[in-house]
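Take a look at the structure set out below.
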Amino acid sequence: AETVQAMDNALAKYQFNVVADTLYDFVWRDVCDRYLEAVKPTIDDDHTQQAVLGVVLDSVLRLMHPVCPFVTEALWEAVSEAQCGTIAGVALPPSELLATAAWPQVDADIVAGSVVNDFERADTLIGQIRTLRAEHNLAPKKFVTLHVPDAVASLVDATGGVVQTLAKVDNVVLLAGDRPAVASPLAFEGSEVLVSGLVDVVDLDAERARLNKIVEAKSKQVAGFEGRLANEGYLNNAKPELVEETRQLCAAAKADLEAAQNALAALG
């Protein structure tokens, strides 16, 4: 719905660079990197997911056709034949040719703001876990365990397995009482999240070195932000939104620093 609106606005203003950027971001980031990867494990046995996929691919071809007419027309027949249902609130009248197909019409009330917000938050968490996996050179097929507070556990449950699928998580454990002996920390929305299964016991020295680097870097960041916020000239002359952004960055750096310090302490 957001993409159709953005495309309509850009086309009305002849902003064709915005059209191209909007399409690229939607198709590559939302459809391919997020959505297709999320439904892969379950779509073979889920008729509703199959219907949604058909609608998504049909809509994508209609939106891309003005920019990529030949490729999309070549794909149109196969996508049309694969359709296996409709989705309420999305109007996609059938057409033999994509060139004469109607533009997608999406009802505004189909958008659920809370759901979109939950998935944006989950995407942030997934990105942090993926970054942590990359830092440890973890094999793509190796699964990890998440140790999370209640609020993060609720988010993981609300997004229906997306975090587990996209971040290769096989177990989500409430973070209470004893901490895992070997786990790597990340700060998410002001809370500490631990990821275990990244490091073997034999790699503890390397993990300590990695955490010490994080502590050193985050300490410098915190000192820099706090120095800026203690400067009366900065507070009086900078735009209010810039000062607020500095406060938020300082709080995030402090959370990262505390998480790394706690992980170091747990390693002994």
Side-chain angles (χ1 to χ4, degrees), residues 2 5-6 9-10 13 15 17-18 21-22 24-25 29-30 34 111 113-136 146-156 158-159 163 167 174-177 179-180 183-195 198-199 206-268:
E2 292 172 354
Q5 184 62 54
N9 292 339
K13 298 174 183 177
Q15 295 175 329
N17 61 314
V18 176
D21 289 342
T22 300
Y24 183 88
D25 184 64
R29 179 170 173 261
D30 290 327
R34 292 178 172 182
V111 179
S114 61
V115 175
V116 173
N117 182 59
D118 282 346
F119 276 86
E120 289 292 345
R121 293 169 59 212
D123 189 58
T124 299
L125 178 60
I126 291 164
Q128 289 182 279
I129 299 170
R130 284 177 163 181
T131 298
L132 207 55
R133 292 176 62 98
E135 289 175 355
H136 288 81
L146 281 189
H147 306 263
V148 299
D150 290 334
V152 180
S154 298
L155 173 64
V156 173
T159 48
V163 173
L174 283 177
L175 186 56
R179 297 164 58 94
S184 298
L186 57 88
F188 175 71
E189 297 182 346
S191 299
E192 183 182 36
V193 173
L194 299 178
V195 184
L198 293 165
V199 182
E207 179 64 2
R208 286 192 188 93
R210 189 187 73 85
L211 289 170
N212 276 316
K213 286 183 180 179
I214 293 176
V215 169
E216 182 180 356
K218 293 300 176 181
S219 296
K220 290 180 180 178
Q221 282 186 1
V222 169
F225 290 135
E226 288 182 337
R228 197 179 305 171
L229 292 170
N231 186 327
E232 290 295 331
Y234 174 73
L235 296 178
N236 293 331
N237 298 321
K239 293 181 179 180
E241 57 268 27
L242 185 59
V243 175
E244 179 58 29
E245 181 185 15
T246 303
R247 289 195 177 101
Q248 293 175 1
L249 290 172
C250 185
K254 285 182 177 179
D256 289 338
L257 174 60
E258 183 179 359
Q261 289 172 331
N262 288 339
L264 266 177
L267 287 179

Practice item. Applying side chain to side chain contact (heavy atoms under 4.5 Å, CB included), name anything that partners Arg130, two or more places apart in sequence or on another chain. Key: Asp33, Ile126, Leu166

Check your understanding: When rounded to the nearest 0.5 angstrom, what is the spacing between CD in Gln128 and CG in Leu186?
Key -> 5.0 Å

Practice item. Evaluate the side-chain proximity of Arg34 to Arg29: yes if any heavy-atom separation is below 4.5 Å, no if none is. Key: yes

Exercise for review: Evaluate the side-chain proximity of Leu229 to Cys250: yes if any heavy-atom separation is below 4.5 Å, no if none is.
Suggested key: yes

Exercise for review: Please step through side-chain contact (heavy atoms from CB on, under 4.5 Å) for the pair Leu146 and Val193, ending with a clear verdict.
Suggested key: CA-CA 7 Å; Leu146 281 189; Val193 173; 4.1 Å; yes

Check your understanding: Can you tell me how far the CG atom of Leu249 sits from the CZ atom of Phe225, to the nearest 0.5 Å?
Key -> 4.5 Å

Point to revise | Minimum side-chain heavy-atom gap Ser184-His136 below 4.5 Å | key: yes

Point to revise | Student check: side-chain heavy atoms of Pro185 and Leu211 closer than 4.5 Å | key: yes

Review point. Who are the salt bridge (charged side-chain N to carboxylate O under 4.0 Å, His left out) partners of Glu2, not counting sequence neighbours?
Key: none

Check your understanding: Around Glu258, counting heavy atoms of other residues, nucleotides and ligands shown, do more than 12 lie under 6.0 Å from its CD?
Key -> no

Point to revise | Of all pairs that satisfy side chain to side chain donor-acceptor pair (under 3.5 Å), the ones with a partner from residues 232-243, not counting sequence neighbours | key: Tyr234-Thr246

Review point. Going from CG on Asp30 to CZ on Phe119, what distance comes out if it is rounded to the nearest 0.5 angstrom?
Key: 12.0 Å

Review point. Should Lys220 and Glu216 count as an ion pair when the cut-off is N to O under 4.0 Å?
Key: yes

Review point. Once you round to the nearest 0.5 Å, how far does CG of Leu174 lie from NE2 of His147?
Key: 11.0 Å

Practice item. Evaluate the side-chain proximity of Leu125 to Arg121: yes if any heavy-atom separation is below 4.5 Å, no if none is. Key: no

**Study point:** Within-4.5 Å side-chain heavy-atom neighbours: Val148 and Leu194
**Key:** no

**Study point:** Evaluation steps, side-chain contact (heavy atoms from CB on, under 4.5 Å), between Phe188 and Ile129
**Key:** CA-CA 10 Å; Phe188 175 71; Ile129 299 170; over 6 Å; no

**Study point:** Pair Arg247 + Glu226: basic N to acidic O under 4.0 Å
**Key:** no

Check your understanding: What distance separates Glu120 CD from Thr159 OG1, expressed to the nearest 0.5 Å?
Key -> 12.0 Å

Review point. Can you name the closest pair of heavy atoms from Ala253 and Gln221 and give their distance?
Key: CB-OE1, 3.8 Å

**Study point:** Separation of Asp118 CG from Ser154 OG (nearest 0.5 Å)
**Key:** 10.0 Å

